[in-house]
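First the structure, in the form of structure tokens, and then the observations on it.
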Amino acid sequence: MLGFVERINLIDFLILLLIAGVCGSIGRAIAGYSHGGCLVSVALGFIGALIGMWVAQHMGLPELFVINIGGHGFPIIWSILGSALFVAVISFISRSRA
């Protein structure tokens, strides 16, 4: 049915979620903004990977520390830096103007 979607097994998916959660948590700690829980950290890890890789590609920077999980690479360093950048922007926007 969806031939273009590659399958990933459950263990690889759980490992990917764990790594994204750790990267998102580190990014939140760097930015100093701590609203949300574990699921927010996982989402931040994936968003950070997207933002970090986009910035790295536009600046011509290499992929630094990529972990291969189930045939898919996950950029650890760019995920941490991207999530820190994303969290910093979100915290700047959501602060009260009092």
Side-chain angles (χ1 to χ4, degrees):
M1 185 168 150
L2 294 174
F4 62 88
V5 176
E6 293 184 33
R7 294 191 183 261
I8 186 168
N9 63 21
L10 181 63
I11 299 298
D12 290 339
F13 181 68
L14 292 176
I15 292 170
L16 186 63
L17 289 178
L18 178 71
I19 292 172
V22 170
C23 291
S25 295
I26 294 171
R28 283 189 348 184
I30 290 172
Y33 190 74
S34 63
H35 291 293
C38 185
L39 292 177
V40 172
S41 293
V42 171
L44 284 174
F46 284 118
I47 292 170
L50 292 172
I51 292 172
M53 284 304 297
W54 180 78
V55 169
Q57 287 175 354
H58 283 325
M59 294 179 71
L61 300 172
E63 295 180 6
L64 293 176
F65 184 55
V66 178
I67 292 183
N68 191 1
I69 303 166
H72 300 283
F74 189 81
I76 299 295
I77 300 297
W78 297 124
S79 175
I80 292 170
L81 294 176
S83 62
L85 178 67
F86 183 70
V87 169
V89 169
I90 293 298
S91 68
F92 180 73
I93 291 171
S94 65
R95 286 193 182 161
S96 63
R97 304 284 183 196

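- Heavy atoms from other residues, nucleotides or ligands lying under 6.0 Å from CG of L61 number more than 12.
- The two residues I69 and D12 make their nearest non-hydrogen contact at CG2-O, 3.4 Å.
- Between A84 and I30, the shortest heavy-atom contact is CB-CG2, 4.0 Å.
- Between the CG atom of L17 and the CZ atom of F46 there is a distance of 5.0 Å, given to the nearest 0.5 Å.
- Under the 4.5 Å side-chain heavy-atom criterion for Ile, Leu, Val, Met, Phe, Trp and Tyr, M53 and V66 are members of distinct hydrophobic clusters.
- Cluster membership check: V42 shares its hydrophobic cluster with I77, using side-chain heavy-atom separations under 4.5 Å among Ile, Leu, Val, Met, Phe, Trp and Tyr.
- Note on M59 and I51: same hydrophobic cluster, where clusters join Ile, Leu, Val, Met, Phe, Trp and Tyr whose side-chain heavy atoms are under 4.5 Å apart, directly or indirectly.
- Two different hydrophobic clusters hold F65 and L50 under the rule that ILVMFWY side chains link at heavy-atom gaps under 4.5 Å.
- Of all non-hydrogen atoms in C23 and S83, the two that sit nearest each other are O-OG, 3.5 Å.
- Minimum heavy-atom separation, F74 to G45: CZ-O, 3.8 Å.
- The distance from the CG atom of L81 to the CD1 atom of I76 is 11.5 Å, given to the nearest 0.5 Å.
- When every heavy atom of S41 is checked against every heavy atom of G21, the shortest pair comes out as CB-O, 3.5 Å.
- Pairing each heavy atom of V87 with each of A31, the nearest pair is CG1-CB, 3.5 Å.
- Taken from CG in L85 to CD1 in I90, the straight-line distance is 10.0 Å, to the nearest 0.5 Å.
- Hydrophobic cluster membership differs between L18 and L39, with clusters built from Ile, Leu, Val, Met, Phe, Trp and Tyr side chains linked at under 4.5 angstrom.
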